[in-house]
Number of protein chains: 2
Amino acid sequence: MAAVELGNSAEPQTQAARVFDQMRADILSCRLMPNERLRMEALRARYDTGTSPIREALMRLHAEGHVVLEQNKGFRVTPVSHATLIDLTRTRIEIEQIALRWSIENGDVEWEANLLGAFHRLSRQPKTDPDKPGEINEAWRREHRTFHNALVAACGSPTIMNIRSGLYDQAERYVALSVTSSIKARDDVAEHELLMNTALERDTPGAMDAIRAHFSATTDKVALTVAADGQIAGADKEVVS
Amino acid sequence: MAAVELGNSAEPQTQAARVFDQMRADILSCRLMPNERLRMEALRARYDTGTSPIREALMRLHAEGHVVLEQNKGFRVTPVSHATLIDLTRTRIEIEQIALRWSIENGDVEWEANLLGAFHRLSRQPKTDPDKPGEINEAWRREHRTFHNALVAACGSPTIMNIRSGLYDQAERYVALSVTSSIKARDDVAEHELLMNTALERDTPGAMDAIRAHFSATTDKVALTVAADGQIAGADKEVVS
DNA sequence: ATCAACAAGATTTTCGAAAATCTGTTGACA
DNA sequence: TGTCAACAGATTTTCGAAAATCTTGTTGAT
């Protein structure tokens, strides 16, 4: 009766967990657009499973703030707004500063080594996809996340790390919305290098400034895409199977 | 089959939502003890509903960190530990400082008035239950929460407020564990008054110190109850119907 | 005496249909 | 012509049983 128990990656997963992961990825990458209605029937077809796992996944996504829910009116992908983006950024700056401050205090040689490695890998990745220009390079996104994780990895507080990754997820959605816009410009590498160097030199005030600058710059770019008043183009539509 | 449809407060609720609220309250107050196993059958009996609503509620509680889940081995109330309490407190101090700092910057007359009112109501509540000494006064707990909310109500950041209330919930569980211990001692009123006054005077540095002191003091009391190494007495048991 | 394999029991997880709820439209009445 | 009530269709929510999975206790071989 032994299923594929081997170590592909994480096969022995429950249905609901699989749907949760996939759906979450779909939302964060905006394959499911903000404010899009999520109908049971459509989702069941899309993820090929029963209603219970779908419902469970939606409930978890709801608790994490990725979908909203109205009584007996079903689920929607959490809408985006200019105000939310501003608030999110402001908060992220604060949280990230805490994490980095603690990381600088606690970081050991291992942390330094990992950080250097993560920066190197990131700096060698092109930001835009070589094949499909205008789209973001998937590998770059992975390395970018890894770099920022490495930066605060030594912070030593699971609670802060949890909060931080939740906020990172939220922000990722806004970035995904803006990929169609111009991606080029802006010297990311220099910003990341500054972050790394101030951290390695244990220059806490400098690192705090670098964090603020980096996040502000990112947001300014993204904010252009999200209309100051309301919705994003393409929302309100149904699930695309 | 018609249940109690009357309008106590917010009746027209979905089953799962009701179970979620009740169960959450049971966990935060430690009527469901840390690390306690949560069996479907027992929960269905306890909350008088089907498996689906229970499962949904558990999933949401899982996402909020109130229960943990192992593949095909069911759910447990999230365990407590000394280390977690320390980390939680450290983080709460930082978050609360941010919220209060912003609140002091943005607070208007309305905010000041509410804060004064909340403090007054809190100061007039006895901390221990007049009937059952040794147990915390339910009204006091409500007013206490209200006061701390009022303190940061003007912070203007939904994101920070969300994070904050999540941490408050987590902490509440630890406080509930320690109620059986000595509650008396320690001049809460003075601490809260100091918090209020520094805030009203827009003395941000003073308020930051007051926050740190207040949270540290609370935790020191609670920490005595949670063994430095491991579990709390009475855990590991089953659901008590 | 120790360990592995097996079987019975208990528990979680999933499914599909039934029940409850909401939305939009039609038609009657003022 | 405008308002309201009732109906029909669509959707969410719940239930109870079936399927899959894990745990525990027993047997048999080394």
Side-chain angles (χ1 to χ4, degrees), chain A residues 1-8 10-23 32 35-63 66-78 236-241, chain B residues 1-7 10-23 32 35-63 67-78 236-241:
Chain A
M1 204 52 80
V4 199
E5 302 222 354
L6 287 177
N8 272 356
E11 271 287 357
Q13 224 184 4
T14 182
Q15 283 283 52
R18 176 182 65 81
V19 175
F20 174 75
D21 288 341
Q22 289 185 13
M23 202 141 137
L32 293 174
N35 210 40
E36 180 171 341
R37 187 133 182 240
L38 300 169
R39 286 218 178 71
M40 275 299 164
E41 185 53 39
L43 293 175
R44 251 180 38 195
R46 176 168 178 149
Y47 297 105
D48 187 36
T49 186
T51 60
S52 304
I54 297 282
R55 202 146 222 294
E56 279 183 34
L58 284 168
M59 236 43 192
R60 267 177 80 182
L61 290 167
H62 170 56
H66 297 309
V67 307
V68 294
L69 132 75
E70 291 171 298
Q71 287 284 359
N72 293 318
K73 286 172 68 180
F75 298 82
R76 282 177 179 277
V77 178
T78 302
D236 272 51
K237 66 177 179 181
E238 300 293 310
V239 175
V240 223
S241 87
Chain B
M1 202 49 85
V4 200
E5 304 224 354
L6 287 176
E11 270 291 357
Q13 223 182 4
T14 181
Q15 261 320 22
R18 177 183 64 83
V19 175
F20 173 75
D21 288 340
Q22 288 185 15
M23 202 140 136
L32 293 174
N35 210 42
E36 181 172 339
R37 186 127 183 245
L38 300 168
R39 286 218 176 71
M40 276 297 167
E41 185 53 38
L43 293 174
R44 251 180 40 195
R46 177 169 179 149
Y47 298 105
D48 186 38
T49 187
T51 59
S52 303
I54 296 282
R55 206 152 214 305
E56 279 183 34
L58 284 168
M59 237 41 191
R60 263 177 84 182
L61 290 167
H62 170 56
V67 306
V68 294
L69 133 74
E70 291 170 297
Q71 285 285 356
N72 293 317
K73 287 172 66 179
F75 298 82
R76 282 176 179 277
V77 178
T78 303
D236 271 51
K237 64 178 181 181
E238 299 292 310
V239 174
V240 223
S241 88

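In what follows, chains are A, B, ... by sequence order, proteins preceding strands, each numbered from 1. None of the values given here were measured: they were computed from a predicted structure.
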Heavy atoms from C-beta onward define the side chain here; which of [options] lies closest to that of [X]?
X     : options                : answer
A:F75 : D:dT13, C:dC15, C:dT11 : D:dT13
B:K73 : C:dT13, D:dC22, C:dA17 : D:dC22
B:S52 : D:dT12, D:dC15, C:dT13 : D:dC15
A:R55 : D:dT12, C:dT12, C:dT13 : D:dT12

Length of the line joining [X]:[atom1] and [N]:[atom2], which is rounded to integer Å:
X     : N      : atom1 : atom2 : value
B:L38 : C:dT13 : CG    : C1'   : 16 Å
A:M59 : D:dT13 : CE    : C1'   : 10 Å
A:E41 : D:dG9  : CD    : C1'   : 15 Å
A:I54 : D:dT14 : CD1   : C1'   : 17 Å
A:R37 : D:dA10 : CZ    : C1'   : 9 Å
A:D48 : C:dG16 : CG    : P     : 11 Å
A:L43 : D:dT12 : CG    : C1'   : 12 Å
A:F20 : C:dT13 : CZ    : C1'   : 18 Å

Worksheet item: Hey, does the side chain of B:R18 reach the backbone of B:Y47 with a donor-acceptor pair shorter than 3.5 angstrom?
Response: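 Yes, because the side chain of B:R18 sits within donor-acceptor range (under 3.5 Å) of the backbone of B:Y47.
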Practice prompt. Kindly say whether A:G50 contributes a backbone atom to a donor-acceptor pair with the side chain of A:R44 at under 3.5 angstrom?
Written response: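 Pair absent, no side-chain N/O of A:R44 close to backbone of A:G50.
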Item to complete: Would you name the heavy atoms of B:A63 and A:A63 that are closest together and state the gap between them?
Response: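 Looks like CB-CB, 3.3 Å.
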Can you tell me if [X] touches the phosphate of [N], counting only side-chain N or O atoms and a distance under 4.0 Å to OP1 or OP2?
X     : N      : result
B:Q15 : C:dA20 : no
A:T49 : C:dC15 : yes
B:T14 : D:dT12 : no

Worksheet item: Does a side-chain heavy-atom distance below 4.5 Å link A:M40 with A:L58?
Response: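 Of all side-chain heavy-atom pairs linking A:L58 with A:M40, at least one is under 4.5 Å.
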Worksheet item: Could you give the distance from CG (A:D48) to CG (A:L43), rounded to the nearest 0.5 Å?
Response: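 One gets 12.5 Å once the value is rounded to the nearest 0.5 Å.
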